[in-house]
Amino acid sequence: MARNASLSGYLEFLPAERLTELHVLDTLRHVFEVHGFSPLETRAVETVDTLLQKGEIDKEIYAISRIHEDERAGKEAKLALRFDNTVPFARYVTENAGHLAFPFRRYQIQKVWRGERPQAGRFREFSQADIDIVGDGALPFRCDVEIAIVMARALEALRIGDFTLRVNNRKLSEGFYRSIGIEDTAAVLRIVDKLEKIGPSRVAQELAETVGASAEQAQKALDLAQIRTVDSSFAAKVRELVGEDFSPLLGEGLTELSEMMSELNARVPGRAVADLSIARGLDYYTGTVIETTLHGHEDLGSICSGGRYESLASKGKRIFPGVGLSIGVTRLLSALLNSGELTASRSVPTVVYVALRSTEDWAAAQDIADQLRDRGISAEVALSAEKFGKQIRYADRRGIPFVWFTDDQGRHEVKDIRSGEQTEAHPSQWAPPAEDLNPHIIRKTEKL
RNA sequence: GUGGGUGUAGCUCAGCUGGUAGAGCAUCGCGUUGUGGUCGCGAGGGUCGCGGGUUCAAGCCCCGUCACUCACCCCA
């Protein structure tokens, strides 16, 4: 891959790469649907007001305007491209609440746009695959568990190697900080979130400078952030740190995360770790927070993130809590394609290339191709009767596995150009091996 | 937005102290005149990112600009 993009941050794939992407999207779609999530799309454009409701990332947002603005332009609502799938979904839920049955579960795989400086794994236009469950008034915690399980299964189904869902709970973190006497919990979360990047000593330093934490408080915050367990044993460590007297919020967090870990261990063993350093920058998460690391690609950052937001949307007195996770499809794909871990078996859908003996054979060759197509076998007819060597090479360049020949007696032969083997065949009966019917994904190393 | 690096063939890159633009791979042709891949021989392909300046002379030096890229911020 890695062609210089004429516009940085707006990735464009070659055909073989797009085929790989489609395979990934098909896989995700299947896993989401088999778990009962409905497909949904929202429009690319939202009003700026809608987008700004959930936090202050306004500098990332692409506003849209017409080149020829008229006098009405100033009066119409300002429009912008969505920067994620969650905020538009929240808007959609409130607008269509009367037509939806709650709890409502949907998946949504769409492009989003962010006006940030592109870097490896970071784009200005990219696809996110979201699943969310949204309730009317209340939403059971087991939805958090289910969302995590579905995403773990989706990532497993992609067979892209080992990954770890790193799970934490905001109630636990915030409750803990309050219990040790720190009030500005949001600021602490933001600093602790950088632990992996800047290390414990600088986190302690920033905690002292920014939130005025005492040495003891900073140390406790650090101790908490360094807890990582594959099961529910983190709870005992937290209790040991905080002592007898702790806030009810922390208790809730401990209960929730414990339940999460035991369910994940039962249903998707080995895929999750309770990691109390996970905080997430966005401030609308209220409970479960999750980030996902792809082993061998830790530098990419998270490939699947999200969590619980107690008030995804509201409409008058009605409040719609939600929980969701989002896979960064473009980030994931770009990494796997760049490293050569994923490739498509060919750059075209074509299975059979029908060669021409003479220019006049074109119509007869199309008849042959149609017989194959009627049976679901993708076929392409040569455009001119070049030397057979050239026609074979045409197929070879594109990865087309079979070339079809017809002799002047009307007998047919099909050649597997990988083995060179050529056998008699009939257009109404011949079929390729199942694995050649569609382009398939080739993994450099076979992954579980 | 702030700071560093890089722009030469389709791709990866070389090009010394300023002196007529190069290699490998890829492409095309021929050897092999209707069954590819190997091998051999040959060919095509460039506004050296763009604009200006210095100079007898600029890919190389200077100024500006654009793009790409890395880090920060933030995030998928």
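Throughout, protein chains are lettered first and strands after them, A, B, ... in sequence-line order, and every chain is numbered starting at 1.
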Run the salt-bridge test on [X] and [Y] with the 4.0 Å N-O cut-off and return the result as yes or no.
X: A:Arg18; Y: A:Glu21; result: yes
X: A:Asp26; Y: A:Arg29; result: no
X: A:Glu146; Y: A:Arg105; result: yes

Roughly how many Å is it from [atom1] in [X] to [atom2] in [N], rounded to a whole number?
X: A:Arg114; N: B:C75; atom1: CZ; atom2: P; value: 9 Å
X: A:Glu12; N: B:C68; atom1: CD; atom2: P; value: 13 Å
X: A:Lys387; N: B:G29; atom1: NZ; atom2: P; value: 8 Å
X: A:Leu325; N: B:C75; atom1: CG; atom2: C1'; value: 15 Å
X: A:Ile392; N: B:G37; atom1: CD1; atom2: P; value: 9 Å
X: A:Gln128; N: B:C75; atom1: CD; atom2: P; value: 13 Å
X: A:Asp416; N: B:G37; atom1: CG; atom2: P; value: 17 Å
X: A:Arg397; N: B:G10; atom1: CZ; atom2: C1'; value: 14 Å

Give the ring-plane orientation class for [X] versus [Y], where under 30° counts as parallel, over 60° as perpendicular and anything between as tilted.
X: A:Tyr309; Y: A:Tyr285; result: tilted
X: A:Tyr394; Y: A:Tyr353; result: parallel
X: A:Tyr107; Y: A:Phe32; result: tilted

How is [X] classified with respect to the nucleic acid when contacts are heavy atoms under 4.0 Å: base, sugar-phosphate, or nothing?
X: A:Lys390; result: sugar-phosphate
X: A:Leu294; result: nothing
X: A:Gly306; result: nothing
X: A:Ile417; result: base
X: A:Gly301; result: nothing
X: A:Ala120; result: sugar-phosphate
X: A:Arg418; result: base
X: A:Phe123; result: base

Rounded P spacing from B:G22 to B:G29 in Å: 26 Å
Flag the pair A:Phe102 / A:Phe320 as yes when their ring centroid distance falls below 6.0 Å, and as no otherwise. yes
So with a 6.0 Å cut-off around CZ of A:Arg267, is the heavy-atom count from everything else above 12? no
Does A:Arg117 make a side-chain donor-acceptor contact with the base of B:C72, cut-off 3.5 Å? no
Distance-only donor-acceptor test, A:Arg331 side-chain atoms vs B:C75 base atoms, 3.5 Å: yes
Looking at A:Arg170 and A:Tyr284, would you say the former's side chain and the latter's main chain have a donor-acceptor pair under 3.5 Å? no
For residues 422-432 of chain A, which residues have at least one heavy atom under 4.0 Å from RNA chain B? A:Gln422
Going by side chain to side chain donor-acceptor pair (under 3.5 Å), A:Ser326 matches just one of A:Asn85, A:Asp132, A:Asp130. Which one? A:Asp130
Where each pair must be Watson-Crick or G-U wobble with both distances under 3.5 Å, what dot-bracket representation of RNA chain B is obtained, with crossing pairs in [ ] and other-strand partners as |? (((((((..((((.....[..)))).(((((.......))))).....(((((..]....))))))))))))....
